[in-house]
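Since the structure comes first, as structure tokens, the remarks are kept for the end.
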There are 2 protein chains.
Amino acid sequence: MEQPGEIKKVSMAVIKRLPKYYQHLGNLLRDNVERVSSQELSKILGFTASQIRQDLNNFGEFGQQGYGYNVSQLYTEISKILGLNTSHKMVIIGAGNLGQALAKYTGFGIYGFDIIAIFDTNPNLVGREIRDIPIYPVEDMEYFINENDVDIAVLTIPKDKTKKIVKAISKTCIRGIWNFTPVEIKINENIIVENVHLIDSLFTLSYHINEGMLQERLLKQKRKIFPSP
Amino acid sequence: MEQPGEIKKVSMAVIKRLPKYYQHLGNLLRDNVERVSSQELSKILGFTASQIRQDLNNFGEFGQQGYGYNVSQLYTEISKILGLNTSHKMVIIGAGNLGQALAKYTGFGIYGFDIIAIFDTNPNLVGREIRDIPIYPVEDMEYFINENDVDIAVLTIPKDKTKKIVKAISKTCIRGIWNFTPVEIKINENIIVENVHLIDSLFTLSYHINEGMLQERLLKQKRKIFPSP
DNA sequence: ATATTTATGTTAAAAGAATAACAAGCGTGG
DNA sequence: CCACGCTTGTTATTCTTTTAACATAAATAT
């Protein structure tokens, strides 16, 4: 029984679809499309119209019967839901290959995610800059984060250093960790962890490539148990 | 009614858990642990023991009553399921920041994923090498892939070039695409696409960081509809 | 102004996934 | 060598997510 004023938890499946809504509404907006129906969105996104309406109704009533959704308004609403109406300060921890690549990439800034510092232990890197972003010694990390109200820490460090860094971070005002290390991070629940486990992703791809052969193998196995007449 | 010899489709949720099983079994193996029960795995992995048994039984009967699972055997079985018992040839398409970072990273090779070439249009990059991996002109891509029986193409190109590259790739013997571009790739069903949509991941993180504030806003909204007495 | 079409929000049904329960079989200790 | 405890594979149940259905309201056409 749902109490008035009670918030029902939004499922992870819904949350994972929100970025898609946001991005495609952005495309429509750029194409000066004024209105869109759940059915039209359905065709572009590949979700059912019903699902789209259900998803959106987790957050409010944004549409109008007989009209559909106002693209601009819905775009704004979803940007608020995703927290993209305010900008975010990020720091990259670990100036290795991946850390540097993420620092060089300008695509996050477009959405208000500003990388304001990089931290590393390597004295050859400390003092240098990447795209005007300074590389500081990791000792200064905690002070810097608190002083500059940093929201997000991007972890691109070797796995054996992760535990120590996470412990240090957990004492700061950081709100979220974007974790590129293969380590499963356990931390207090006020800090959100979003994992990018590349090797898992690659394994999943490998599974699907292998799937055909696998099924043949399983079939043979089952035929032994149920011999054909 | 399930026919003998018929394969029931394995759900995506199960597949996404397989890499976790694989990695933690690898850890146990390195620690010379001989046997493990679903309950013990449950504690490490955070899935229920029941779920682990269900998951594994999608692929065969690997355990033994009263004993559990033989770590080494189960590890091998899962590596076969994931297709990690054979090595894979990869090429990186796009030698930008991310492409170069992935090329420099040696962690994929450990699992038999060998990057054997990089392709780019930039004449300043073509001819150079990254970790002994040569950078070739993108014109040679199709020929090279077919000639060298490349399995996986890693896409790290700007989004506006994606469609053209995908079209070219689709005519080759490539089996899977590891897609780091934000583009939704439509291709014939023989080629598997695994997406790493970084911006989606970042948005999801932002959502969770924003969640607290969001709920307050929704509460206020609902209070208007259901005014408290 | 009115009827018809369109498309929402919401409720109901179906499908799918996670958890729990349990019978059957193996290992271990006496 | 036997009995007890452990742990699986599997079936049953519960919970979640997706899809379908529909009553209602706005927009459009006549």
Side-chain angles (χ1 to χ4, degrees), chain A residues 1-2 4 6-18 20-21 25 28 33-71 73-74 77-78 81 218 221-222 224-226, chain B residues 1-2 4 6-18 20-21 25 28 33-71 73-74 77-78 81 218 221-222 224-226:
Chain A
M1 195 67 137
E2 196 186 335
E6 190 188 327
I7 302 293
K8 58 180 174 307
K9 212 186 156 305
V10 179
S11 84
M12 190 57 88
V14 175
I15 296 163
K16 295 261 160 138
R17 282 191 292 269
L18 289 175
K20 306 286 178 200
Y21 294 136
L25 285 164
L28 292 176
V33 179
E34 199 178 277
R35 50 182 271 191
V36 69
S37 69
S38 57
Q39 202 163 48
E40 287 168 312
L41 280 174
S42 167
K43 272 181 201 147
I44 312 170
L45 290 161
F47 316 142
T48 66
S50 194
Q51 183 167 57
I52 292 168
R53 293 201 299 275
Q54 290 261 26
D55 284 358
L56 296 178
N57 274 96
N58 280 286
F59 304 101
E61 303 176 18
F62 305 130
Q64 206 152 45
Q65 285 142 321
Y67 176 85
Y69 301 90
N70 179 288
V71 172
Q73 186 211 323
L74 186 57
E77 288 293 342
I78 294 182
I81 293 165
L218 283 174
Q221 203 174 303
K222 289 219 169 176
K224 281 182 197 156
I225 306 161
F226 307 98
Chain B
M1 194 68 141
E2 197 184 334
E6 190 186 325
I7 303 293
K8 59 181 173 307
K9 210 184 159 301
V10 180
S11 84
M12 190 57 88
V14 175
I15 296 165
K16 295 260 162 138
R17 282 191 292 270
L18 290 175
K20 307 285 178 201
Y21 293 136
L25 285 164
L28 292 175
V33 180
E34 199 179 278
R35 51 181 268 193
V36 69
S37 70
S38 56
Q39 203 162 50
E40 288 168 312
L41 279 175
S42 168
K43 271 181 202 145
I44 313 170
L45 289 161
F47 315 142
T48 66
S50 194
Q51 183 167 57
I52 292 168
R53 294 201 299 276
Q54 290 260 25
D55 283 0
L56 296 177
N57 274 97
N58 279 287
F59 303 102
E61 302 177 20
F62 305 131
Q64 207 150 45
Q65 284 140 320
Y67 175 85
Y69 301 89
N70 178 288
V71 172
Q73 188 211 321
L74 186 57
E77 288 292 343
I78 294 182
I81 292 165
L218 282 174
Q221 204 175 299
K222 286 217 173 179
K224 282 183 199 157
I225 305 162
F226 308 98

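Chain naming here is simple, since letters A, B, ... match the order of the sequence lines and numbering starts at 1 in each.
- Backbone-only contact: B/S11 has heavy atoms under 4.0 Å from sugar-phosphate atoms and none from a base.
- One can place CG of B/D55 at 14 Å from C1' of C/dG16, the figure rounded to the nearest angstrom.
- Remark: A/Q73 CD is packed, more than 12 non-hydrogen atoms of other residues, nucleotides or ligands lying under 6.0 Å away.
- Distance B/R17 CZ to C/dA18 C1': 8 Å, rounded to the nearest Å.
- Residue A/Y69 forms a side-chain contact (heavy atoms from CB on, under 4.5 Å) with just one option from A/L25, A/V36, A/L28, and that option is A/V36.
- For the pair B/I15 CD1 and C/dG16 P, the interatomic distance rounds to 14 Å; values are reported in whole Å.
- Note: A/I81 CD1 to A/L56 CG = 7.5 Å, rounded to the nearest 0.5 Å.
- The main-chain N or O of A/Q54 is never found under 3.5 Å from a side-chain atom of A/N57 such that the two would form a donor-acceptor pair.
- Nearest heavy atoms, A/S38 versus A/R53: OG-NH1, 3.1 Å.
- Side-chain N/O atoms of B/S50 and base N/O atoms of C/dA20 include a donor-acceptor pair closer than 3.5 Å.
- Counting to the nearest Å, the P atom of C/dG27 and the CG atom of B/N70 are 12 Å from each other.
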Provide a list of protein-nucleic acid N or O atom pairs under 3.5 angstrom, restricted to nucleotides 5-9 of chain C.
residue, atom, partner, partner atom, Å
C/dA7, O4', A/G66, N, 3.1
C/dT8, OP1, A/S38, N, 2.7
C/dT8, OP2, A/S38, OG, 2.6
C/dT8, O2, A/Q65, NE2, 3.0
C/dG9, OP1, A/F62, N, 3.2
C/dG9, OP1, A/G63, N, 2.9
C/dG9, OP2, A/N57, OD1, 3.3
C/dG9, OP2, A/Y69, OH, 2.7
C/dG9, N7, A/R53, NE, 3.0
C/dG9, O6, A/R53, NE, 3.4
C/dG9, O6, A/R53, NH2, 3.0

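- Atom C1' of nucleotide C/dT10 and atom CD1 of A/I52 are separated by 17 Å, given to the nearest angstrom.
- Judged by distance alone with a 3.5 Å cut-off, a donor-acceptor contact links the side chain of A/Q54 to the base of D/dT19.
- We find that CE of A/M12 is positioned 22 Å from P of C/dG16, with the value rounded to whole Å.
- Between A/L41 atom CG and A/L74 atom CG the span is 7.5 Å, to the nearest 0.5 Å.
- Atom CD in B/Q51 sits roughly 8 Å away from atom C1' in C/dA17 (whole-Å rounding).
- Closest approach of B/K20 to B/K16, counting heavy atoms only: CG-O, 4.3 Å.
- Of the side-chain N and O atoms in B/T48, one or more sit less than 4.0 angstrom from OP1 or OP2 of C/dT19.
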